[in-house]
Chemist: 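What follows is a single structure, and I will ask about it in a moment.
The structure presented is a predicted model; accordingly, all values stated were derived computationally and were not measured. We use all heavy atoms of the structure for the numbers below, so side chains are in, but hydrogens, waters and symmetry mates are not.
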Amino acid sequence: MTSTNRPVALVTGASSGIGKAAALALVEEGYRVVGTSRDASKVAPLGGVTFIDLDVASDESVTTAVEQVIERFGRIDVLVNNAGFGSGGAAEESSTAQDQRVFDINVFGVIRMTKAVLPHMRAQRSGRIVNISSIVGFIPVPYMAVYAASKHAVEGYSESLDHEVREHGVRVVLVEPAWTNTAFEANSAQP
């Protein structure tokens with residue numbers, strides 16, 4: 001284990017879009033940043049960011065990734081739960097399996113990652129968990145019912161969790177961006 005005095009940030013879905021921007025901003029602020037992607041070997045190098053494989057829909061992958069970061073850096077000060085999956089179309093057009101995939105990544109991915117880092121943050125009596133939600137988490141948008149529902153769930157989870165962990169020096173922050181110039185929509189599931 002390599003201990004560091006510099007704070008360490010773990011950013012899921014850091015290969016593009018908001019995750020990439022967050023990772024670079026944290027590097028700029030002096031953090032040691034570990035970014036994740038489902039296949040880190042395909043990610044273009046990003047100055048100051050160490051990439052590892054992570055599938056937030058897999059308990060085993062989440063456990064392995066968090067253990068790798070702790071083993072290498074000795075700590076996790078910030079977790080940015082950015083990995084996400086979109087879906088569009090009329091609510092009745094998507095299959096239940098597609099809907100479950102959206103929730104498995106957008107909601108249970110956040111929960112898996114949070115459960116994996118919380119024991120470390122509680123032990124060090126500090127930490128920040130930044131959950132990337134969406135404006136769709138509080139403003140209804142037609143033809144995005146399942147995605148909106150997943151982001152509503154992230155909202156409720158984050159706000160409740162913040163009250164639960166703040167006495168341990170850990171805070172949960174919710175970021176609710178509107179539409180951004182990323183490839184997110186192109187990668188969204190279609191019915």
Side-chain angles (χ1 to χ4, degrees), residues 1-14 17-36 48-50 52 54-85 102-139 147-178:
M1 170 174 74
T2 304
S3 188
T4 178
N5 289 336
R6 288 173 53 200
V8 176
L10 175 58
V11 181
T12 68
I18 293 172
K20 180 178 179 180
L24 290 172
L26 287 161
V27 167
E28 190 70 26
E29 291 297 317
Y31 283 80
R32 301 205 56 180
V33 177
V34 178
T36 75
V49 180
T50 302
I52 62 173
L54 170 66
D55 178 357
V56 298
S58 162
D59 292 342
E60 182 180 333
S61 181
V62 166
T63 299
T64 299
V66 170
E67 286 174 356
Q68 281 180 310
V69 175
I70 296 296
E71 186 175 301
R72 180 165 180 185
F73 298 106
R75 61 190 301 138
I76 297 175
D77 299 284
V78 173
L79 167 64
V80 179
N81 278 313
N82 171 70
F85 191 66
V102 171
F103 268 77
D104 200 23
I105 293 169
N106 293 358
V107 180
F108 292 104
V110 167
I111 293 170
R112 281 183 192 95
M113 289 302 301
T114 300
K115 286 183 176 194
V117 302
L118 265 179
H120 305 286
M121 290 182 172
R122 284 182 195 249
Q124 66 195 23
R125 306 257 337 132
S126 68
R128 297 292 177 266
I129 298 170
V130 180
N131 291 333
I132 306 298
S133 179
S134 169
I135 193 170
V136 179
F138 64 93
I139 296 176
Y147 178 75
S150 75
K151 293 305 184 175
H152 275 275
V154 170
E155 304 261 332
Y157 178 75
S158 301
E159 292 171 1
S160 295
L161 181 63
D162 181 57
H163 289 282
E164 183 178 325
V165 298
R166 64 175 58 173
E167 70 183 65
H168 304 285
V170 180
R171 295 303 305 263
V172 180
V173 179
L174 191 56
V175 178
E176 301 159 315

Chemist: Inspect the contact between Arg128 and Asp77 and indicate whether a charged nitrogen and a carboxylate oxygen are less than 4.0 angstrom apart.
Modeler: no

Chemist: Could you check whether any side-chain heavy atom of Ile52 comes within less than 4.5 Å of a side-chain heavy atom of Val69, counting everything from C-beta outward?
Modeler: yes

Chemist: Would you check if Val49 and Lys20 make a side-chain contact, meaning some heavy-atom pair closer than 4.5 Å?
Modeler: no

Chemist: Any salt bridge linking Arg112 with Asp55? Criterion: basic side-chain nitrogen under 4.0 Å from a carboxylate oxygen.
Modeler: no

Chemist: Could you measure the distance from the OG1 atom of Thr114 to the CG atom of Asn81? Nearest 0.5 Å is fine.
Modeler: 4.5 Å

Chemist: Okay, side chain of Asn82, backbone of Ile132: is any donor-acceptor separation there less than 3.5 Å?
Modeler: no

Chemist: Working to the nearest 0.5 angstrom, can you tell me the gap between Glu155 CD and Ser150 OG?
Modeler: 10.0 Å

Chemist: For the residue pair Val154 and Leu174, establish whether any side-chain heavy-atom pair is separated by less than 4.5 Å.
Modeler: yes

Chemist: A quick test of your reading: do over 12 heavy atoms of other residues, nucleotides or ligands sit less than 6.0 Å from CZ of Phe103?
Modeler: yes

Chemist: Looking only at atom types and distance, does a side-chain atom of Thr64 sit under 3.5 Å from a main-chain N or O of Ser61, one as donor and one as acceptor?
Modeler: no

Chemist: In Å and rounded to the nearest 0.5 Å, what is the CD to CG distance from Glu29 to Leu24?
Modeler: 12.0 Å

Chemist: So how far is it from Leu10 CG to Thr50 OG1, rounded to the nearest 0.5 Å?
Modeler: 11.0 Å

Chemist: As an exercise, state the distance from NE2 of His120 to CD of Glu67, rounded to the nearest 0.5 Å.
Modeler: 7.5 Å

Chemist: Evaluate the side-chain proximity of Ile18 to Val175: yes if any heavy-atom separation is below 4.5 Å, no if none is.
Modeler: no

